[in-house]
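Proteins get letters first, then strands, A, B, ... in listed order; numbering begins at 1 in each. The analysis underlying the following values was restricted to heavy atoms, covering all of them including side chains, and did not include hydrogens, waters or symmetry mates.
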Amino acid sequence: MKNLILLSLLFNFSICFSQSEQLIPQNAITVFSINNLNLLQKISMDDLVKYDFMEEVHQELFDGSTSGKTLKDAGIDFNQRLNVFYGKTDDYEVSGFTFGVNNSSLLFEVFDDFTELKSNYKDVKEYGSFFNNLILKNNSALLIRIEPTAESIDRKTDSIWYSRGNEYPYGGMYEEEILFDEGFDEGDFDFEQNEAEAEVEEEEEEEEEELNEDPPFYFDSTEISIEDFPEASEDLNEKNYYELRDSVQLELQQYLLTQLLNDLFINNLTLLSIDPRFSEQLTHQCAGTFYLDNSRSFQQANGLWYFQTIMPSLYNDIKELYTGNVILGDLILNDKSLEFLVEARYGEKLGSIYQEMNDSKFDKNITKYIHKNSPAYFTYNVNLRKAYDKAYEVIMPIISAEKNADIAMNVLALELMNELINKDALFDTYKGSMFGTFNGIKKIKTKKIDYKYDDITFEYNETEVDAIEDMPIFSLGFSIDRHDIPEIILKNFSRLTSKFEKHDNYWVFNNAILDAAPLYMINKNNLFILTNDEDLAINHSDGYGSDQLGRKVRKEIKRNGFMNGYLDISGTLNRFPSDLLSERRSELINSLKGKSGKMYLKSAKTTTKITKFEMSYKFNGEENSGKHLLDVINTLYIFSK
Amino acid sequence: MNRVFYLFILIVFFLSSCIELIDDLTIHNDGSGTFKYIMNLSSSKIKVNSILALDSIDGKKVPSMAEIKTKLMSFAANLKTQPGISNVSMQINDFDLIVNFSCDFKTIGEFQSGFKSAITLINKDEKIEALNESWVSWDGRVLKRNIPILSLQILEGFKEGELDLLKTGSYTSINRFDRPIEKAEKLETKLNPAKTASMLRVNTFELQKNHLLIENTIYLTPIKIK
């Protein structure tokens, strides 16, 4: 009994003092909740605000007020969680974090740009700065930034602008282009008009041509001149379009914040209260938790507006497929490692497709082509044929029910293809299982032009000579049962161009990569492999033999679910030329650069409701665990944005 | 400065691990001559093509090969219209990444002002202060030359690590005359056996740090009056 009382006291203690999560808005789609805040005590505020997950809220923290301070000096209560969140609806984006406060004086030494605002809520104090708001309730704080979307601001501004009897705010300078863009046909022009009208039109056209020297719909925003903006009204009390837009933005921001605070403090609608999966996740004993509501991020995905407006019932059906689709994760911090346990949960219909797809026997040929010293590799083992059949069974009834001419034609095309296409040949050629490896940066042979000088005249001649350039070495292989089909394609390509050459064990496509490096294709052993690794193609076309992945690792890969991955950070990311990637991928790679350690990823068996993933990060070096935790959270944040 | 031009320079100077630049200036006794310029990026094809495949670097749009070609051809077309400039040729080998430019000029003065005008024209008449610098002069016996300060000013403000990539590049400056060279100010200058041509070669990384490395004054023997 004593123990029970003690337990219940401890539980109540934890409830009373762990309130920061109760301030997470219901519209948060992604949440990182850091539990073991003691780890972060030594992290300096300056380091903390440099993380990407702080980017939306950190403006005023960069004004020197954080200089030399740690989280401990900022009045933050380490008995509460630190929750970083992000959410998006059709009308706004919301981001911020919630945390505990044990000394508000110290807190306002860091957040020194905030001024107190009038609060309409009991026991709640509101503070505002130019971009953000800080809300204090008891011993918890919410730092929040809410931004209406540009589309939402434009929509409302236009509505007010035109309802006031204003005309097109850009002075009609683009009218001609709009006319032609909308299908204006010169043949429709009335040539019966009198000469006087024609002259006037010609003059107007000349004037418009002068105005339209640069195509207006392709201008670069950085090159907008002051003439492009609507002129200020003669009446100083009347706002021009952009002044009105600014006011609308400010009002919307205030309105949305009020709605959000009403939900939090009057209606008691928080993420914790509306989503039991999230509240259950917070009970886990771990350093941090991760929550991503995929069903809501699907609804907010760009590009679905067409579906929503033109085919609402189909959109609802597809949305139903995604119902319950959520990713939940626990971060477990050990002495020299971090473990990230993830559960991808989904609805039964979508789950049935995943289950069929992942019900595949591992292709043991794959591991033969992964070198035991490979700094990074992944294997992906799926049965595309089964997934296709199941998806056909689940999705076809949904789209067939849609009464829409376009959809009906698509359904007809799909059904005909299903009957006429040789699915055995198709799915024996592309079975779905694949692997990829990164074998580091190697010197590869290319050709260059050299200028040779004559010592007598200093004249020079161009000569083609061998050159060596650094290149990341990749291999990508696919399981295949029909080797004859790639052979047909390659044989015919080689007739078209001499760049394709057949060798005993491989094909080579010269200068295929960036006009400089060859691409090798190995089509044997039930695999079709694309690689720029000359050594693999020439010397190891049957695999690495005794240099392939060790037996223990191979066994584990076979035993695991559909996905396995390995990454030696120092051997891969620190050497990876991230400049050559797209901005988003480069950002992801850079967030991990400078680290040392190894990452492993594996999945467990897929059921109709859940697939479990496990990622572990074993790190070396002197950096404290808290720093590693934040680094991983930062990477996950970038990944999930 | 025009962004396409800027990014082109950025690609050429910073992100190529090996670049070979050759300028070859011939001056006849009457002051007329020929200028040839070769930019050879063939040993960095992978790197340059990787960059050209991107949309942007550091938030700046990366120009396509077609845009770069258009810009260079537009420069050549502008130069053709300048007084005292003739036989302008711009050959772009986009497979090996070699730009081969040449033109004839009547006088060094017209050559320099023609260059300045053509660059100003492709930059939509934007004033570029660095173009006011004189980088070549000739008085009939003494040739003073450097490289346009503009190409070096662009290098300012870039990180040390990015400039390290220039370490394996070379800049070769060749000057040819109708009569023998008496002396060259830079001791490293090589003269051909007939002493009618000089060659000075420097490392592009060193040149970026000290543009005086390529500055040279060449004194010719007086014209023999028969």
Completion exercise
When the 4.5 angstrom heavy-atom criterion is applied to A/Tyr451 and chain B, the contacting part is both
Exercise for the section: Could you look at A/Asp454 and say if it's the side chain, the backbone, both or neither that has a heavy atom under 4.5 Å from chain B? Expected result: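 Neither part.
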Completion exercise
chain B shares the most heavy-atom pairs under 4.5 Å, among A/Ile444, A/Asp515, A/Ile468, with A/Asp515
Exercise for the section: With a 4.5 Å cut-off on heavy-atom pairs, point out which of A/Lys448, A/Glu464, A/Lys447 contacts chain B the most. Expected result: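 Most heavy-atom pairs within the cutoff with chain B belong to A/Lys448.
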Problem - Side-chain heavy-atom pair A/Asn511, B/Phe95 within 4.5 angstrom cut-off - result: yes
Problem - Any B/Ile22 side-chain heavy atom under 4.5 Å of A/Tyr453 side chain - result: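 They are in side-chain contact.
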Handout entry: Interatomic spacing from CG in B/Leu97 to CD1 in A/Ile449 - rounded to 0.5 Å
Key = 10.5 Å
Tell me the closest heavy-atom pair linking [X] and [Y], and the distance in Å.
| X | Y | answer |
| --- | --- | --- |
| A/Tyr460 | B/Ile174 | CE2-CD1, 3.7 Å |
| A/Glu469 | B/Ser42 | OE2-O, 4.4 Å |
| A/Thr457 | B/Arg176 | O-NH1, 2.7 Å |
| B/Asn100 | A/Glu462 | ND2-OE2, 4.0 Å |
| B/Ile46 | A/Met471 | CD1-SD, 3.7 Å |

Handout entry: Part of residues 182-198 of chain B lying next to chain A, heavy-atom separation under 4.5 Å
Key =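 Within residues 182-198 of chain B, the residues that come under 4.5 Å of chain A (heavy atoms only) are B/Lys190, B/Leu191, B/Asn192, B/Pro193, B/Ala197, B/Ser198.
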Practice task
Tell me, yes or no, whether the heavy-atom count around A/Lys502 atom NZ, taken from other residues, nucleotides or ligands under 6.0 Å, exceeds 12.
Solution key: yes
